[in-house]
Amino acid sequence: MSPDNPDRERPVDEPDASAPPRASSATPPAAEQPLAAEQPLAAEQPLRDEPPAGSDPADAAPSRAYQSWLELSSDEPRRPLRAAATVLGTVLALAVLGVPFGLLWAALAPDTPVLKTVEGAIYADPQPEQPIAADGWFSLLGLGFGLLVALALWFVLRRRRGPVGLLAAVLGALVAAPVAWQVGRRVGLATFDRLLATAPAGQAFTKPADLRAGGIDWLLGVLPVPHGNLLLPAFGAAIMYTLLAGWSRWPGLRPEPDPAGLSWVSAGTPAPPAAPEPPGPDAAEPPRG
């Protein structure tokens, strides 16, 4: 040990150890690093669908799919010809449905007993109840027909909910009621007319069901205007469709996608697992192996 060599085990004449070589992963000097302008632009700009760092995923903006859906819905052009064709087709379809409606009414409504006289047919009972029952059956069936029509069109014409759907339901039920009346009253009418013309005086037979509380008036001789219980199917359709529109959960009456369901959070990103709760002070210690 000497003043020139404080280490006892190191000789004085031993040269200093060389510095260790630099690791290959060391940061290159500033001259060797690429300029910021030469780096790709995609790395500088974040994706639009990705939320900003530090933001809450629940408060993120709707995804691109929902935004495009909103643009298509708001910019959807109006097509009056297509709406008119929808209303016309619905009215024709409901007019055809008036045929089974009339057949059902003719089957349920009772026939009225009549008696043949020299002057024609008269009621066998001075105050028969069968005509009142026929009006009552038609009123009940017509009201139920209108309710079912509005309920069916609410789900069938999903894209036409609103004024177009309401107009189609009301006009269709209004046209179906006279069709049902004419179909129902003609069931057995040929037999009644034949007996009325050929039966001798004093013979009893029945008259098919007909309406006394409803009918059709002709405005200016060309425009048919139904009245009475022929208006009940249209009334029932209007009431049911209005109630469905009032109870709808969507402001536009048509089903809309949920913005929270279409955001980037619901695109399959799993939620982080919750941390396990610490054991209570009185919890039993698990057995050790």
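Just so you know, these numbers use all the heavy atoms, side chains as well, and skip hydrogens, waters and symmetry mates.
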pair Leu232-Ser139: side-chain heavy atoms closer than 4.5 Å: yes
Pairs involving residues 167-186, ordered by first then second residue, that meet salt bridge (Lys or Arg N to Asp or Glu O under 4.0 Å) (sequence neighbours left out): Arg185-Asp210
Main-chain N/O of Leu196 paired with Lys116 side-chain donor or acceptor, under 3.5 Å: yes
ring-ring contact (aromatic ring centres under 6.0 Å, His included) contacts touching residues 79-99 (sequence neighbours left out): none
Connected-component partners of Leu148 among ILVMFWY, side-chain separation under 4.5 Å: none
Any residue meeting ring-ring contact (aromatic ring centres under 6.0 Å, His included) with Trp105, in chain and number order, not counting sequence neighbours: Phe138
ring-ring contact (aromatic ring centres under 6.0 Å, His included) partners for Phe235, two or more places apart: none
Leu244 side chain reached by Leu151 side chain, heavy atoms, under 4.5 Å: yes
Contact check, side chains of Thr112 and Thr206, non-hydrogen atoms, under 4.5 Å: no
ring-ring contact (aromatic ring centres under 6.0 Å, His included) partners of Tyr123, counting only residues at least two apart: none
Apart from Ile132 itself, residues in the same hydrophobic cluster as defined by side-chain heavy atoms under 4.5 Å: none
Phe205 and Arg194, any side-chain heavy atoms less than 4.5 Å apart: no
Test ring-ring contact (aromatic ring centres under 6.0 Å, His included) applied to Phe145 - qualifying residues, sequence neighbours left out: Phe101
Beyond-backbone contact of Ile216 with Pro178, side-chain heavy atoms, under 4.5 angstrom: yes
Closest contact, heavy atoms only, Val170 versus Ala238: CG2-CB, 3.9 Å
Residues forming a side chain to side chain contact (heavy atoms under 4.5 Å, CB included) with Leu147, sequence neighbours excluded: Met240
Minimum side-chain heavy-atom gap Arg160-Arg82 below 4.5 Å: yes
Counterpart residues, side chain to side chain contact (heavy atoms under 4.5 Å, CB included), relative to Leu220 (two or more places apart): Val222
Members besides Val164 in its Ile/Leu/Val/Met/Phe/Trp/Tyr cluster (side-chain heavy atoms under 4.5 Å): Val87, Val91, Leu167, Leu171, Val175
Listed once per pair and sorted, the salt bridge (Lys or Arg N to Asp or Glu O under 4.0 Å) pairs that draw on residues 120-139, sequence neighbours left out: none
Cluster check Val179, Leu103: I/L/V/M/F/W/Y, side chain < 4.5 angstrom: yes
Separation between OG1 of Thr191 and CG of Leu195, rounded to the nearest 0.5 Å: 6.5 Å
Verify same cluster id: Ile239, Leu143 (apolar side-chain graph, 4.5 Å): yes
Non-hydrogen atoms of Ala169 and Ala237 that approach each other most closely: O-CB, 3.9 Å
Minimum-distance pair of heavy atoms, taken over all atoms of Leu230 and Pro233: O-CD, 3.5 Å
Test item: Leu104 and Leu141 side chains (from C-beta on) under 4.5 Å apart, heavy atoms: yes
